[in-house]
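Owing to the predicted nature of the structure, the values given are computational and were not obtained by experimental measurement. Scope of the values below: all heavy atoms of this structure, side chains included, with no hydrogens, waters or symmetry mates.
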Amino acid sequence: MYKVDLPVDQSTEKAVERRRAAEAARKGRIFNTRLRVIGLDIDALNQQVQEKKHYQNMEKQRDKAFDMLRKYQDEALLQQDSDEKEKRNALDIGLREYWANDQQVEDSCDADLKCDLKGAFNTVVPERELGPASMQIFQGEGTYEKQLRKEQMKKTERDLRAQMEDNENRHIEDKHREILASRELLHQGLRGIQQATLQEELRKGSRIALDNYNQALAAERAEKLKEQQKKEERENLAEMWHIVTSDMMTECVEGAERQVGGGRPPQVLPDRWKGMSSEQLSAIHKERKEQRLERQRQREAEKIQDTAWDLHLLKLSREAEEEERRAAELRREQRIKMDQYNMQLAQEQRAHQEFLNKKLYTNKPTKDYFYQFNTSSR
């Protein structure tokens with residue numbers, strides 16, 4: 001057996017190394033506190049920027065390629081159109097040359113009929129051997145051809161002359177119609193001017209009549225105003241005379257009273273009242289004195305009532321203070337009982353915690369227990 005150095009397959013080792021590198025990079029991203037808390041991955045952002053630039057460059061190159069293809073296709077279409085035009089022109093020129101050289105009237109089969117037997121093809125076949133299909137001119141044909149042409153030309157001339165006369169008559173009728181239309185427009189303009197003149201005269205007459213009517217109304221209003229002023233002056237003089245001669249100015253006391261009858265006191269007229277008499281004043285003073293005495297008695301009664309009410313309020317306040325003192329004492333006793341109960345609960349809790357720490361949970365975890373967590377990204 002010979003020892004042969006075969007090449008080692010390193011694809012498996014490269015795959016393992018690649019997975020290890022990816023796992024290490026992933027663990028670096030996941031367990032990096034700064035990136036995890038702040039939420040900013042610079043490498044990923046840079047990679048995204050590079051990918052976006054790459055995509056943009058690819059799109060630009062693709063657009064550029066499309067533009068070049070579009071330009072090439074446009075140029076190809078233009079070249080194709082120009083080639084087709086040139087081919088069409090060459091075909092037209094060739095066709096016209098063929099018509100001019102190879103399809104002349106003298107070379108046709110019926111040239112002897114169209115060109116007065118000039119350039120006709122002379123056959124050597126006897127006429128008796130030719131059939132009916134070889135006949136070109138029949139007996140009686142073309143006898144009156146020149147006369148028919150003359151008649152046709154005369155008819156054409158008559159038709160043209162009739163058309164010219166019709167056109168001239170139509171032109172004359174159009175001119176006549178235009179003249180009539182212009183005359184009608186002129187008459188309408190004259191009628192419009194006459195109507196405008198009449199309307200202006202009517203407006204002037206209406207304005208004059210309206211001015212006369214307004215002047216008459218103004219004169220009538222001035223006359224009424226004068227009559228009203230005279231009437232007001234007479235009424236003012238009468239009122240002044242009545243005021244001067246009335247009871248108000250003459251200081252008459254009886255003029256301020258009006259007898260109503262039926263045993264009732266006389267009614268006082270406010271606009272003529274001159275003041276109270278001495279009897280009325282003494283009666284008013286007496287009434288005021290009685291009112292002061294009555295008011296003094298009311299004040300004394302109110303003072304007695306206020307004193308009794310103050311004593312009652314004092315009694316109520318003392319009872320309320322006593323009730324408040326008993327309630328405070330009761331609350332203090334309840335607080336003392338609550339404090340004692342809380343102290344008992346605290347002692348029981350401390351005893352239970354001491355039991356848990358010293359007797360139940362005696363095996364404390366080491367650092368290796370905590371290091372086993374977060375060792376992989378999966």
Side-chain angles (χ1 to χ4, degrees), residues 67 70-71 73-75 77-97 99-100 103-105 110 113-116 140-242:
D67 293 337
R70 193 182 302 110
K71 185 176 180 182
Q73 290 177 353
D74 294 340
E75 292 177 354
L77 289 174
L78 292 173
Q79 185 65 29
Q80 185 177 359
D81 292 340
S82 64
D83 294 341
E84 289 180 358
K85 288 181 180 178
E86 291 178 357
K87 289 180 181 179
R88 196 178 297 112
N89 293 331
L91 290 173
D92 293 339
I93 293 171
L95 184 60
R96 284 194 294 271
E97 290 179 355
W99 288 345
Q103 288 187 352
Q104 296 182 359
V105 181
D110 53 353
L113 301 176
K114 295 182 179 179
C115 300
D116 296 333
E141 185 179 0
T143 305
Y144 302 101
E145 184 177 358
K146 293 182 179 180
Q147 187 177 358
L148 290 173
R149 288 181 180 177
K150 288 181 180 180
E151 292 294 333
Q152 189 175 4
M153 291 175 65
K154 288 180 180 180
K155 184 180 180 181
T156 305
E157 187 177 357
R158 286 195 301 271
D159 293 339
L160 291 174
R161 191 178 293 109
Q163 290 179 3
M164 292 174 65
E165 290 177 357
D166 291 339
N167 292 330
E168 188 175 358
N169 292 331
R170 193 179 299 108
H171 185 63
I172 292 170
E173 289 178 358
D174 293 339
K175 284 187 177 180
H176 183 64
R177 195 178 297 108
E178 290 178 358
I179 292 170
L180 292 177
S182 62
R183 287 181 180 177
E184 183 65 24
L185 291 174
L186 181 61
H187 288 316
Q188 290 180 0
L190 292 174
R191 285 197 298 270
I193 293 171
Q194 291 176 359
Q195 290 178 1
T197 306
L198 291 174
Q199 289 179 0
E200 185 65 25
E201 291 178 356
L202 290 174
R203 283 196 294 270
K204 286 182 180 179
S206 61
R207 283 198 297 269
I208 292 170
L210 183 60
D211 293 339
N212 295 331
Y213 178 71
N214 290 331
Q215 290 178 2
L217 287 178
E220 185 179 358
R221 191 178 296 108
E223 188 67 24
K224 288 183 179 179
L225 185 60
K226 289 181 181 179
E227 292 294 333
Q228 187 176 1
Q229 289 178 355
K230 291 180 180 180
K231 183 178 178 181
E232 289 178 356
E233 289 178 357
R234 290 195 298 269
E235 290 177 355
N236 292 333
L237 289 174
E239 185 178 0
M240 292 172 63
W241 178 257
H242 177 70

Nearest 0.5 angstrom please: [X] [atom1] to [Y] [atom2], how far?
{"X": "Leu186", "Y": "Gln188", "atom1": "CG", "atom2": "CD", "answer": "10.0 Å"}
{"X": "Leu185", "Y": "Leu180", "atom1": "CG", "atom2": "CG", "answer": "11.0 Å"}
{"X": "Lys154", "Y": "Glu151", "atom1": "NZ", "atom2": "CD", "answer": "5.0 Å"}
{"X": "Arg177", "Y": "Arg170", "atom1": "CZ", "atom2": "CZ", "answer": "10.5 Å"}
{"X": "His187", "Y": "Gln194", "atom1": "NE2", "atom2": "CD", "answer": "11.0 Å"}
{"X": "Asp174", "Y": "Asn167", "atom1": "CG", "atom2": "CG", "answer": "10.5 Å"}

Applying side-chain contact (heavy atoms from CB on, under 4.5 Å), name anything that partners [X], two or more places apart in sequence or on another chain.
{"X": "Asp83", "answer": "Gln79, Glu86"}
{"X": "Ile93", "answer": "Arg96, Glu97"}
{"X": "Gln195", "answer": "none"}

After noting the C-alpha distance and the side-chain angles of Arg88 and Lys85, does the key distance pass the side-chain contact (heavy atoms from CB on, under 4.5 Å) rule?
CA-CA 5 Å; Arg88 196 178 297 112; Lys85 288 181 180 178; 4.0 Å; yes
Scan for salt bridge (Lys or Arg N to Asp or Glu O under 4.0 Å) pairs involving residues 183-205, sequence neighbours excluded, and state none if there are none.
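Residue pairs with at least one partner in residues 183-205: Glu184-Arg191, Glu200-Arg203, Glu200-Arg207.
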Tell me, which pairs form a salt bridge (Lys or Arg N to Asp or Glu O under 4.0 Å) where one or both residues lie in residues 156-165, sequence neighbours left out?
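For residues 156-165: Glu157-Arg161.
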Under a 4.0 Å threshold between the charged nitrogen and the carboxylate oxygen, would Asp74 count as salt-bridged to Lys71?
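So Lys71 does not pair with Asp74 through a salt bridge.
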May I have the list of side-chain donor-acceptor pairs in residues 209-237 shorter than 3.5 Å, sequence neighbours left out?
residue : atom : partner : partner atom : Å
Asn212  : ND2  : Ile208  : O            : 3.2
Asn214  : ND2  : Leu210  : O            : 3.1
Asn236  : ND2  : Glu232  : O            : 3.0

Neighbour count above 12 (heavy atom, 6.0 Å) for Glu84 CD:
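Yes - once you tally the heavy atoms of other residues, nucleotides and ligands closer than 6.0 Å, there are more than 12.
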